[in-house]
There are 2 protein chains.
Amino acid sequence: MSKTIEFFWDPASTYSYLAATQIEALARRCGAEVHWKPFLLGKVFEATGNKMPAALPAKGKYLFRDARMWAKFYGVPFRFPKLFPLNSVLASRACLAAADQGKGVEFSLALLKAYWAEGQDPSQPEVVSAIAESVGLDGAALLAATQEPAVKEALRANTEAAIQRGAFGAPTFYVDDQMFWGNDRLNLLEAYLKGQIGIDEQP
Amino acid sequence: MSKTIEFFWDPASTYSYLAATQIEALARRCGAEVHWKPFLLGKVFEATGNKMPAALPAKGKYLFRDARMWAKFYGVPFRFPKLFPLNSVLASRACLAAADQGKGVEFSLALLKAYWAEGQDPSQPEVVSAIAESVGLDGAALLAATQEPAVKEALRANTEAAIQRGAFGAPTFYVDDQMFWGNDRLNLLEAYLKGQIGIDEQP
């Protein structure tokens, strides 16, 4: 029986980018498939009382270097965006619309790279359109699709579902009801999928 | 030239326990040595504005399961203490005093296990004394040493040094000036010590 990883992520989240670069290969190693679920991290923070890591000065300073070390560790490009934080609503809707057109993963990875490694601004329609074209989608059609009620509603629904299931940050992964929070839990996610660290409920 | 890992930790911190079970083996793999530096995480939180993770309800609920998965991942015993949080001042001073007597690591690991796996309360002098005896130290002498001004001052100095160097949580590791925060950064720490992820300053 195929296992499913639900991957809740926000284009505006550094660690969502880092995890996104790894998750498909991880899934292949585990015989699992990934359901990419963009959500609005800002709404998750509002609902749970959590804050972005950089809200704490000492943490912000560290995480800047930390992200660069993870990128080196993974061997992926990374350049901290001049435009930060990103308003990711348009970008997230575009990822959902791209998925409807069968290119969700490819477009999402291209968009993440554009923002997290290439200094582009995917809050701008023309940037989103160009990324769409780069993966073989019709840029104008994709932009139009981001304004569809069903796409807007899908983003809200992903966000609400994650909050209801206990998410408080990004990325957040689920395998059935088991939650994993953070790029730094990919090792546990993989071990869990391989049956190495299932836990019993404690009395 | 031998490399040094400075390991700042607090007996009251779940992830300090988890990291402590791994750090000596990691150091051996890297040809490094570990300097164990107990510090007062509560003071670090006060100084930086950080809070214990469980202060956020959604995070607290998750981290309880997370810690158990890490313990399974590492193959180490873990049972969340009934007494939580722990006032760890006496325990931390005892670890410093044990180090003065040449048994710092052995005593610290025994104390962490007593609290994080065996339901013991190392805020109590008789418990600290019994742990000392279990590793071949004189319990009464170790308790007496915890009241020495030099031991008290060493704990304050570790705490102050960590804050000055940018720490905001526990465990925190340094290799020279490079900081690593968290049990979940042991992979980066190891890669860094092996020369795989050194980073240049970004312009």
Side-chain angles (χ1 to χ4, degrees), chain A residues 15 18 44-45 47-51 53 55-75 78-80 162-169 172 174 177-192 194-203, chain B residues 15 18 44-45 47-51 53 55-75 78-80 162-169 172 174 177-192 194-203:
Chain A
Y15 295 103
L18 290 164
V44 174
F45 284 163
T48 59
N50 202 3
K51 289 179 181 162
L56 195 78
K59 194 181 280 190
K61 193 174 162 189
Y62 167 68
L63 293 183
F64 178 76
R65 293 182 67 91
D66 180 61
R68 292 166 60 207
M69 282 196 285
W70 278 106
K72 274 230 172 184
F73 187 69
Y74 289 154
F78 181 79
R79 199 170 70 208
F80 203 87
I163 293 167
Q164 290 301 323
R165 294 169 74 181
F168 50 86
T172 297
Y174 295 90
D177 286 338
Q178 182 59 55
M179 182 172 114
F180 298 85
W181 168 51
N183 166 67
D184 47 32
R185 294 304 185 274
L186 289 179
N187 56 352
L188 295 190
L189 173 62
E190 181 159 358
Y192 184 82
K194 291 177 173 170
Q196 293 161 357
I197 57 163
I199 55 173
D200 304 319
E201 292 308 318
Q202 214 165 26
Chain B
Y15 295 103
L18 291 164
V44 174
F45 285 164
T48 58
N50 202 3
K51 290 178 180 162
L56 195 78
K59 193 180 280 189
K61 193 175 161 187
Y62 167 68
L63 293 183
F64 178 75
R65 294 181 67 91
D66 180 61
R68 292 166 59 206
M69 283 196 283
W70 278 106
K72 275 228 174 187
F73 187 68
Y74 289 154
F78 181 78
R79 200 169 71 210
F80 203 86
I163 293 166
Q164 290 301 323
R165 294 169 74 182
F168 51 85
T172 297
Y174 295 90
D177 287 337
Q178 182 58 54
M179 183 171 111
F180 298 84
W181 169 51
N183 165 68
D184 46 32
R185 295 303 185 273
L186 289 179
N187 55 352
L188 296 190
L189 173 62
E190 182 159 358
Y192 184 83
K194 291 176 173 171
Q196 295 160 357
I197 58 163
I199 55 174
D200 304 320
E201 291 309 315
Q202 213 163 27

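All heavy atoms count here, side chains included; hydrogens, waters and symmetry mates do not. Residue numbering restarts at 1 for every chain, and letters A, B, ... go by the order of the sequence lines.
- No side-chain heavy atom of B:Val44 sits less than 4.5 Å from a side-chain heavy atom of B:Asn50.
- Per-residue heavy-atom pair counts under 4.5 Å with chain B were compared for A:Phe73, A:Phe180, A:Trp70, A:Tyr192, and the maximum is reached by A:Trp70.
- Proximity to chain A (any heavy atom under 4.5 Å) is shown, for B:Ala58, by both the backbone and the side chain.
- Scanning both residues, B:Ile163 and B:Ala47, for their nearest heavy atoms gives CD1-CB, 3.6 Å.
- Residues B:Asn187 and A:Asp184 are not in side-chain contact: their nearest non-hydrogen atoms beyond the backbone lie 4.5 Å or more apart.
- Interface remark: B:Lys61 contributes no atoms to any contact with chain A (heavy atom separation under 4.5 Å).
- B:Asn183 places a side-chain heavy atom less than 4.5 Å from the side chain of B:Tyr74.
- The candidate from B:Gln178, B:Lys59, B:Gln196, B:Met179 with the greatest count of non-hydrogen atom pairs under 4.5 Å with chain A is B:Lys59.
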